[in-house]
Amino acid sequence: MENILYSMEWVLPLRSDWATPIAQGFTWMGYAPFFLMFLPVGYWLWDRNLFTRLTALVAITAVVNGWFKDLWQDSRPGADIQLDGRVTGSPGRPSGHTQIAVAMWLWLAYEIQRPWVWVVCVILAFGVSFSRLYLGVHDVDDVLTGAALGLATLAVFFWLTRPGNALTEALRDSVVIQLVLIAMLVPIIAAVWPAASQAAGAAIHTGSALTLTVVFLLAGWLVGAALDKRLAPDRGPRPAWWQMIVMAVGGIVVLFALRAGIESAAGFLGIDAATAGLVGALILGFYMTALAPMAFRAVGLMR
């Protein structure tokens, strides 16, 4: 059993010139640029309440994953078999790609409640998870642990958001309560974050600041969403297809330009990377749910 969980010898024969780009495509769906596109586009073009819940779930799952990674500081498979150079010595167990994919895609399928969506979402969750094994950056133990934590996070989130939950209804109806809760949780998370291991061979300790950027993005998102609903309580009919394309492409181009501008400004002002990441995430979250929709309405793309 131990050999199955940790050995990567079985992966190498599966690799081929046509399969590797597919695995790299699935694995890209677990990196920040994908979420920075998928979540706001879903908010702009589809259902802002659904994608606000989805963003909250992703943020919670990312924090849980980062905490366990730094608790265990488990090393990844050897660099000689890795086909994804973006991991740079970060901890292996649990697989963040797997954990977030399982939680996010299964929650989306649950929200939509259509059989074909369940099929697509399960394929996506499995594809992202298996891609981490194929690319040699996680072993089976990492992926199974990530899947288990993803399901656990999903179950807790389902319980918290169940109909009739007074706490959930209070959170949903008050951005002030949401922000107070986040403000209380940030120092608690930082205080209980696992310390760096001194053991030989331990993976790089990433620290809480990097993981907390998703919490700050969520805070900006929630403030922006509250303002968006105040300015446009009713979205009205769905825009024409060409308008949706313009919003998706234009909104994402501006988002990444804003992200680059924040990084450049932080470097010019001498702001450390951790602080710049937190402030930048807050601004980007607010742009996604407030500034972008305001701009879309201003030019007649959205009501």
Side-chain angles (χ1 to χ4, degrees), residues 1-39 41-42 54 58 61-62 65-66 68-69 72-110 112 114-151 153-154 201-204 206 210 245 248-249 252 256:
M1 176 62 72
E2 183 175 347
N3 189 54
I4 295 174
L5 292 177
Y6 303 108
S7 173
M8 300 298 293
E9 294 179 1
W10 62 273
V11 171
L12 302 180
L14 300 178
R15 292 176 174 173
S16 67
D17 292 340
W18 64 267
T20 298
I22 296 174
Q24 290 171 337
F26 273 113
T27 220
W28 177 78
M29 296 175 68
Y31 281 112
F34 172 77
F35 297 109
L36 291 176
M37 290 188 279
F38 177 69
L39 294 174
V41 168
L54 196 63
V58 169
T61 308
N65 180 263
F68 277 105
K69 276 184 180 292
W72 289 322
Q73 288 184 253
D74 178 62
S75 298
R76 294 176 183 266
D80 57 318
I81 67 166
Q82 294 181 12
L83 297 181
D84 182 359
R86 290 166 289 192
V87 294
T88 61
S90 61
R93 182 197 313 119
S95 167
H97 277 67
T98 300
Q99 186 175 335
I100 295 176
V102 166
M104 184 181 78
W105 292 116
L106 295 188
W107 178 263
L108 188 62
Y110 164 76
I112 299 174
R114 292 184 182 177
W116 70 268
V117 176
W118 274 104
V119 172
V120 171
C121 287
V122 168
I123 290 173
L124 290 173
F126 176 81
V128 171
S129 302
F130 186 76
S131 73
R132 307 308 283 164
L133 295 169
Y134 180 96
L135 296 174
V137 291
H138 283 293
D139 55 35
V140 174
D141 174 68
D142 299 342
V143 169
L144 290 179
T145 306
L149 287 172
L151 290 172
T153 308
L154 191 62
I204 295 173
T206 55
L210 180 61
I245 292 175
V249 175
I252 293 303
F256 279 91

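Side chains are part of it too, since the values below use all heavy atoms of this structure and drop only hydrogens, waters and symmetry mates.
- Here the rule is side-chain contact (heavy atoms from CB on, under 4.5 Å) with His138, and of Val87, Thr145, Val143 only Val143 fits it.
- When side chains are defined from C-beta on, Val128 does not count as touching Phe34, because their heavy atoms never get closer than 4.5 Å.
- Counted within 6.0 Å of CZ on Arg114, heavy atoms from surrounding residues, nucleotides or ligands total 12 or fewer; the atom is thus considered open.
- For the atom pair OG of Ser95 and CG of Asp141, the computed distance is 11.0 Å after rounding to the nearest 0.5 Å.
- Residues Asn65 and Leu149 are not in side-chain contact: their nearest non-hydrogen atoms beyond the backbone lie 4.5 Å or more apart.
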Next on the checklist: Could you go through Leu106 and Leu151, starting from their C-alpha distance and side-chain angles, then the distance that decides it, and tell me whether this counts as side-chain contact (heavy atoms from CB on, under 4.5 Å)?
Outcome noted: CA-CA 9 Å; Leu106 295 188; Leu151 290 172; 3.9 Å; yes

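- Rounding to the nearest 0.5 Å gives a distance of 7.5 Å between CD1 of Ile252 and CG of Leu36.
- Under the 4.5 Å side-chain criterion, counting only non-hydrogen atoms from C-beta, His97 is in contact with Thr27.
- For the residue pair Val102 and Ser129, the shortest heavy atom distance occurs at CG2-OG, 4.5 Å.
- Put simply, CH2 on Trp105 and CG on Leu54 are 8.0 Å apart, with the number rounded to the nearest 0.5 Å.
- Side-chain contact between Arg132 and Asp84: present, with at least one pair of heavy atoms (C-beta onward) separated by less than 4.5 Å.
- Residues Ser131 and Ala23 approach most closely at CB-O, 3.3 Å, considering heavy atoms.
- To the nearest 0.5 Å, the span separating CD1 on Ile22 from OG on Ser16 amounts to 7.5 Å.
- Taking all atoms of both residues into account, the shortest heavy-atom contact from Met8 to Ile81 is CB-CD1, 3.4 Å.
- Counting heavy atoms from C-beta outward, Pro94 and Trp72 have side chains that approach closer than 4.5 Å.
- Side-chain atoms of Phe35 and Met104, non-hydrogen and from C-beta on, do get closer than 4.5 Å to each other.
- Annotation: side chain of Trp28 is in contact with side chain of Pro33 (closest heavy-atom distance under 4.5 Å).
- By the 4.5 Å heavy-atom criterion applied to side chains, Tyr134 and Thr20 are counted as neighbours.
- Here the closest heavy-atom approach between residue Gly136 and residue Pro77 is recorded as O-CB, 3.5 Å.
- Judged by distance alone, the side chain of Lys69 and the main-chain N or O of Gly92 form a donor-acceptor pair under 3.5 Å.
- Among residues two or more places apart in sequence or in another chain, the side-chain contact (heavy atoms from CB on, under 4.5 Å) test is passed with Leu144 by Leu5, Val140.
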Next on the checklist: Quick one, Trp107 with Thr61, criterion side-chain contact (heavy atoms from CB on, under 4.5 Å). Give me CA distance, side-chain angles, the key distance, then yes/no.
Outcome noted: CA-CA 12 Å; Trp107 178 263; Thr61 308; over 6 Å; no

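- To the nearest 0.5 Å, atoms OG1 (Thr153) and CD (Gln99) are separated by 5.0 Å.
- For the atom pair CG of Asp74 and OG of Ser90, the computed distance is 11.0 Å after rounding to the nearest 0.5 Å.
- Here the closest heavy-atom approach between residue Pro21 and residue Trp18 is recorded as CD-O, 3.4 Å.
- Remark: side-chain polar atoms of Arg76 are paired, donor with acceptor, to backbone N or O of Pro91 under 3.5 angstrom.
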